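The structure under discussion appears below in the form of structure tokens.
Source: prediction; values computed, not measured. Note on naming: letters A, B, ... go to the chains in the order of the sequence lines (proteins, then strands), and numbering restarts at 1 for each one.
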Protein chains: 2
Amino acid sequence: MTPRSAPTATPKAGDPAPRMRAEDRRELVLRAATRVFGERGYHGATTDAIAKAAGVSQPYVVRMFDGKEALFLEVLGRALERVSASFRQAIAELPPGASPLDRAHCIGAAYGELLSDRGLLLSLMHAFVAGADPEIGAAARSGFLQIYRLLRDEAGLSPDEVTGFLAEGMLLNTLVGLRMGLEVDDDPAAAELVQHVAPTKHALLVQLAKARTV
Amino acid sequence: MTPRSAPTATPKAGDPAPRMRAEDRRELVLRAATRVFGERGYHGATTDAIAKAAGVSQPYVVRMFDGKEALFLEVLGRALERVSASFRQAIAELPPGASPLDRAHCIGAAYGELLSDRGLLLSLMHAFVAGADPEIGAAARSGFLQIYRLLRDEAGLSPDEVTGFLAEGMLLNTLVGLRMGLEVDDDPAAAELVQHVAPTKHALLVQLAKARTV
DNA sequence: GTCTATATCTTGATAGAC
DNA sequence: GTCTATCAAGATATAGAC
């Protein structure tokens, strides 16, 4: 989709620098929205903050996505899709005779890479605790169950294995939400906690640490 | 504290019905705030909604707690205290020679009872994902670590056992946040998921189901 | 497609009576 | 201690120009 070589109608080739295709700008806004929603939650995030982060005007953000709620739902949907895609790829790359524990471990590693995108995971978390909201709650439930089924049916994990996997993931997300990185030097318990969450996944720790400063 | 038999100065005994001691009213507001904050998060909750839920005026809520943020911090502090107290009581009632797994199980049961208070757990969760906020984030980090230390030092669990325990707790909280109760009859995966989170704790399931409707 | 200007509504907080 | 009235700021959304 969107072949860069064939813009639809009004390319206007030689424009200065801030000029970009509408679809790219849309992507830019979505990324900014993911970051801001992740940081402050649905209610805490303002369309103005998102607009500023994306370098566009506030009314444009509202118009492009037909309102703040619709924008959040789109961010949520994309986040869920990215998690699903990441898991599916890990499953596809699984060695043939892998045990359930090995499978869970590999998928967990894939999840670890997602940790570098704080906004994505935290937008998900904010949605997960917003079950009381009619629209957001429904989308969040449906998305969570979709991931559950993926792990059970496509990864071939047992229900207990899936819940164990999800539990670890939720703790990880919570630590990211708390901004509890490695360099919490003011409290040794923090470092110990982070180091024991995913002892085998060193990459995770680096990402967690990075997530606190970035 | 607060002996009901000896009101401080102005008892005004024979008042109609809405009359109550200031301290009780304060407690009432705190409970309402816990519920509303849990439902909509810090930013989503309005002081007006809290006031209405408590049956008092909005300015009174603001004045009584010196602002919305201070009110949330107090709700958060009390929630943390209640979790700590609940854990400590479970630890005190532990049989002498209990294994780490037994200990974790008993403390988990205590946590299960807390699940009946949706507002409490969800106010905590909202705080945990608000690490970016200067005040709330600091309080949330400190509170989370306090619970970590309690489980490690007072319950005698190893760091790995503590993180396993916390992981299960975070998943449980997330399911409560999603309003994913037992009677999610429209999707069999939901029921399966809930039933596998805490297979040994039947009480939890009842509470989870209740949490969806109440 | 994108911006500026602005309407309108919400909300936290203050002032002051009782 | 508690309420009513009210203000000021902030935020979403709309109108319309370019």
**Report entry** Donor on one side chain, acceptor on other, A:S86 and A:E113, under 3.5 Å
**Finding:** no

Query raised in the report: Can you say whether the rings of B:F128 and B:F144 are parallel (under 30°), tilted (30 to 60°) or perpendicular (over 60°)?
Result: perpendicular

Query raised in the report: Without hydrogens or angle criteria, can the side chains of B:E192 and A:Y148 be said to hold a donor-acceptor pair below 3.5 Å?
Result: yes

Report summary line: To the nearest 0.5 Å, atom NZ of A:K52 lies from atom OG1 of A:T46 at 7.5 Å

Report task. Look up atom CZ in A:F87 and atom CD in A:E154, then write down how far apart they are to the nearest 0.5 Å. Result -> 11.5 Å

Requested in this report: Specify the separation, in whole Å, of atom CG of A:D24 and atom P of C:dG1.
Outcome: 13 Å

Report summary line: Expected string for nucleotides 6-18 of chain D under the B/S/- scheme (protein heavy atoms, under 4.0 Å, primed atoms plus P, OP1, OP2 as sugar-phosphate) is -----SBBBBB--

